[in-house]
Chemist: 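Mind looking over this structure? Questions follow.
Atoms within a ligand are numbered from 1 in the order they appear, just like the ligands themselves.
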Amino acid sequence: MTTTGAKPQPLAIHGGKPVRATLLPYGRQSVSEGDIQAVVDVLRSDWLTTGPKVAEFEEIFAARVSSKYAVSFSSGTAALHAAAYTAGLKPGDEAITSPMTFAATANCVLYQGATPVFADVTPDTLNLDPEDMERRITPNTRAVLPVDYAGHPADLDAIRKISADRGLVVIEDACHALGARYRGKSVGSLVDMTVFSFHPVKHITTGEGGMVLTDNPDFAETLRRFRNHGISSEARQRQSRGQWHYEMVLLGFNYRLPDIVCALGIEQLKKLEGNLTRRGEIAARYTAAFCEIPSVIVPTVRTGVDPAWHLYPVRFDLGKLTTDRAQIFRALRAENIGVNVHYIPVHLHPYYRGQFGHRDGECPVAEAAYERLISLPMFHGMTDVDVGDVVQAVSKVISSYAK
Ligand SMILES: Cc1ncc(COP(=O)(O)O)c(C=O)c1O
């Protein structure tokens, strides 16, 4: 590919000058002075762990995603574990998920002693393919865990239909998709349980943190107990009622999100709309620039979907290039662009191969995509100069490897 008639610049990986002097990370949090002050105020208050800020954060979060109940957790992974428990997963059960995700989505099934089953993804969005999901249903299937890869909601209409027909619980891993909309409705209000993460690279952060959303009051009650050792009431409730008596009714964990960071979450949530807008602008600029390069395949956005742009993953048409993804990755890093890869298909991790005998070829679409994927920097604090640097570096590297 030739973008201009100018002489190609030597790549940084070959000793040329990098596009940037310092590394641009692929994701980064934005924390304001107001956020810091809110945390400091809690440190001076009576409640550091489960206090008024937890309830406030849960309430405004539930309202933001149009769901009845929000239950906070110490991480997205803990939230997934609680959802898997609440769905009733147990040894002998199977739960179907996508391999194009972070390992935690499948690990939460293992925590319950159940078996994760991987169904392939569709080539456009790299989200769970409902047809392949249906093929992999057995009499032991109890739940499905679609993932909103990169912030693009999964094919929820089809997944909900199949699940309703078969009596399966749907747990949506929306750790990438806070603020996304699907057919006009907020992600968080669409399935039995929806899970979000507040890891620093996400749309809002509490450092570590997660949330499960549900409209089912029984699920909400179980989720609250599960995060609190399986105990039926919280210390603050007992104190306000002047009671000491409590009962442990199920085997839970300490998965509580402290008041200290819920105060941060409340402040961060106020900035969500701005963060989503900025991420959308960055995605639009990338798409406009890269759809001009024939060997770069930009992410698809399906009709009726408003994605949340957690990641901006591009795929390379390797037939049009003289090199592979690994070399492009190294070349972009040398230009000081902090690219990443999302994801190694989960079933191909050594643990999953070793424990369950998974092999290459089980999910061909996900595996082929993995060989061609690179995630470009995407975070709401990126400046226009940062975005321009990424566009310049990708164009420089790809033109140097074009056939
Ligand atoms: C798709 C997906 N699921 C689950 C998780 C786990 O969330 P956490 O890091 O908050 O435990 C992540 C994490 O980043 C994720 O990207």
Chemist: Between Arg372 and Asp317, is the closest basic N to carboxylate O distance under 4.0 Å?
Modeler: no
Chemist: Would you mind checking if Arg64 and Glu273 are paired as a salt bridge, meaning a charged N to carboxylate O distance below 4.0 Å?
Modeler: yes
Chemist: What part of Val201, side chain from CB on, backbone N/CA/C/O, both or neither, has a heavy atom under 4.0 Å from ligand 1?
Modeler: neither
Chemist: With Tyr111, which residues qualify under side-chain hydrogen bond (donor to acceptor under 3.5 Å, both in side chains), at least two apart?
Modeler: none
Chemist: Out of Thr101, Thr77, Leu145, Asn107, who is nearest to atom 11 (O) of ligand 1 when you count heavy atoms only?
Modeler: Thr77
Chemist: Considering the heavy atoms of Ser75, write down every atom of ligand 1 situated less than 4.0 Å from one of them.
Modeler: 10 (O), 11 (O)
Chemist: Does His310 have a heavy atom less than 4.0 Å from any atom of ligand 1?
Modeler: no
Chemist: For ligand 1, is any non-hydrogen atom under 4.0 Å from Thr105's backbone (N, CA, C, O), its side chain (CB onward), both, or neither?
Modeler: side chain
Chemist: Hydrogens and angles aside, do Arg279 and His380 bring a side-chain donor and acceptor to less than 3.5 Å of each other?
Modeler: yes
Chemist: If you count the atoms of ligand 1 from 1 in the order shown, which ones are under 4.0 Å from a heavy atom of Gly76?
Modeler: 7 (O), 8 (P), 10 (O), 11 (O)
Chemist: So which of Met100, Lys202, His81 gets nearest to atom 14 (O) of ligand 1, if we judge by its closest heavy atom?
Modeler: Lys202
Chemist: Would you mind telling me if ligand 1 is within reach of the side chain of Tyr343, the backbone, both or neither, using heavy atoms under 4.0 Å?
Modeler: side chain
Chemist: Can you name the atoms of ligand 1, numbered from 1 with element, that are less than 4.0 Å from a heavy atom of Gly209?
Modeler: 10 (O)
Chemist: Just how far is it from atom CG of Asp389 to atom CE of Met382, taken to the nearest 0.5 Å?
Modeler: 8.5 Å
Chemist: Atom CG in Leu128, atom OG1 in Thr105: separation rounded to 0.5 Å?
Modeler: 11.0 Å
